[in-house]
Amino acid sequence: MCQQTQIVTVLPYYERWLKRFPDWETLAQAPETDVLKHWEGLGYYRRARHLQNLARIVVRDFSGTLPQDVPSLLQLPGIGPYTAAAIASIAFGQKAALLDGNVQRVLTRVFAISSNLALGRTQKELQQLAAQLMPETHPGQHNQALMELGALLCSPRKPQCLLCPLQPICQAPDPEAFPVKDRPAPIRQLEKVCLILRDSRVWLSPTDAPGRWQGFHRLPLFDPARMELNTPLGQHRYSITKYRVQAEVWSASWKTTAPAGIWANLAQLRQIPLPAPHRKMLRLHPDFLAM
DNA sequence: AACCCGGGGCC
DNA sequence: GGCCCAGGGTT
């Protein structure tokens, strides 16, 4: 859950998740829509699918216990270099150095590394540095301390250098100039999103294809061959990955027979996994203010 | 190496 | 409005 997501955001999800899926066996056997529903709002939904896939592998191939070494962990779905080292060091006390956004920021500042973070050789340099800094004992605490330092003091903007224990050795003249990374401009998109209502129910389309929002339902985009627009309900702007989307939300109706999908009432809308921006667009209609 | 995947919180 | 977040997988 913590991959690319701030801890404070994760906390309530984590509590609900463990209450519903307290062990590998429970997660392995749960319906996928239930898994996605518990992840709704966190984003990067492939993480949820990977985690359930992982549960099934742990139950089937590892007798319900995670392997404890980095090379074995790296073979598992959803576990990359960071997560493998985090599990090995924090859960199993192994001497594995890890690199996350916080540690990258701390190290590039302390050692004044001004090469581009996106480059492989920069990552390799940081990984070697992290490994050299690893003490003989308490690897998990060391890793967590570095991440915590990055989160609380060595923050992206306005770092608290006066309070920082590494201030005496920090080589960055201007900490806020680190790390160096490229920031491509967002791609702007316009879209027309349709609210098609019948008897207090709204039409939702499935998202079956791999990619964004797989396994979710969503409000359909306007298709002039099948739909007609009735009245505009408003606009909703949202950002998703590299895109900045301006959505026009319309009340619309089918010109032809409806394709695959469902007519969802309020109770169903609360149970079905729906992308956050679509949930907000739905609220533009008075019938669904309660969403 | 480049690209894809979400959403919220903050300034 | 831009930036960042306890990244990983695929092409």
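If you're wondering where the values come from, they're calculated on a predicted model, not measured in any experiment. Convention: sequence-line order gives letters A, B, ...; per-chain numbering from 1.
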### Query
Would you call R49(A) and E32(A) a salt bridge, using N to O less than 4.0 angstrom?
yes

### Query
On DNA chain C, which is the earliest and which the latest nucleotide, 5' to 3', with an atom closer than 4.0 Å to a heavy atom of chain A?
dG1(C) to dG9(C)

### Query
When rounded to the nearest Å, what value does the distance between C1' atoms of dC5(C) and dG6(B) take?
11 Å

### Spacing of the P atoms in dC10(B) and dA6(C) (rounded, Å)
13 Å

### Message
By nearest heavy atom, map A118(A) and R157(A) onto DNA chain B; which one lands nearer the 5' end?
### Response
A118(A)

### Task
Report the residues that fulfil ring-ring contact (aromatic ring centres under 6.0 Å, His included) with H38(A), sequence neighbours left out, ordered by chain and then residue number.
F21(A)

### Summary
ring-ring contact (aromatic ring centres under 6.0 Å, His included) filter on H138(A), not counting sequence neighbours, yields none

### Query
Where along residues 80-103 of chain A does a heavy atom fall under 4.0 Å from DNA chain C?
G80(A), P81(A), Y82(A), T83(A), D100(A), G101(A), N102(A)

### Query
Do Q3(A) and T83(A) come within less than 4.5 Å of each other through their side chains, counting heavy atoms only?
yes

Quick one: list whatever passes side-chain hydrogen bond (donor to acceptor under 3.5 Å, both in side chains) with [X], sequence neighbours left out.
X: Y82(A); answer: none
X: T108(A); answer: none
X: N116(A); answer: D182(A)
X: Q271(A); answer: none

Would you list the protein and nucleotides 4-8 of chain B atom pairs, both N or O, that sit under 3.5 Å from each other?
from: dC4(B); atom 1: OP1; to: K242(A); atom 2: NZ; distance (Å): 3.1
from: dC4(B); atom 1: OP2; to: K242(A); atom 2: NZ; distance (Å): 2.2
from: dG6(B); atom 1: OP1; to: Y45(A); atom 2: N; distance (Å): 3.4
from: dG6(B); atom 1: OP2; to: W213(A); atom 2: N; distance (Å): 2.5
from: dG6(B); atom 1: O4'; to: Y44(A); atom 2: N; distance (Å): 2.8
from: dG6(B); atom 1: N7; to: Y44(A); atom 2: OH; distance (Å): 3.4
from: dG6(B); atom 1: O6; to: Y44(A); atom 2: OH; distance (Å): 2.9
from: dG6(B); atom 1: N1; to: Q4(A); atom 2: O; distance (Å): 3.1
from: dG6(B); atom 1: N2; to: Q4(A); atom 2: O; distance (Å): 3.4
from: dG6(B); atom 1: N2; to: T5(A); atom 2: OG1; distance (Å): 3.0
from: dG6(B); atom 1: N2; to: L42(A); atom 2: O; distance (Å): 3.0
from: dG7(B); atom 1: OP1; to: Y45(A); atom 2: OH; distance (Å): 2.8
from: dG7(B); atom 1: OP1; to: A276(A); atom 2: N; distance (Å): 3.2
from: dG7(B); atom 1: OP2; to: W213(A); atom 2: NE1; distance (Å): 3.2
from: dG8(B); atom 1: OP2; to: K280(A); atom 2: NZ; distance (Å): 2.8

### Task
For H50(A) and for R244(A), locate the closest nucleotide of DNA chain C by heavy-atom distance; then report the residue assigned to the nucleotide nearer the 5' terminus.
R244(A)

Contact class for [X] (heavy atom, under 4.0 Å): base, sugar-phosphate, or nothing?
X: L76(A); value: sugar-phosphate
X: R279(A); value: nothing
X: G150(A); value: nothing
X: R105(A); value: sugar-phosphate

### Query
In chain order, what residues pass the side chain to side chain contact (heavy atoms under 4.5 Å, CB included) check against Q4(A), with sequence neighbours excluded?
Y44(A)

### Residue pairs, two or more places apart or on separate chains, that pass ring-ring contact (aromatic ring centres under 6.0 Å, His included) and touch residues 181-205 of chain A
W203(A)-W254(A), W203(A)-W263(A)

### Task
Any ring-ring contact (aromatic ring centres under 6.0 Å, His included) involving residues 271-291 of chain A? Give me the pairs, sequence neighbours left out, ordered by first then second residue.
W213(A)-H278(A), H285(A)-F288(A)

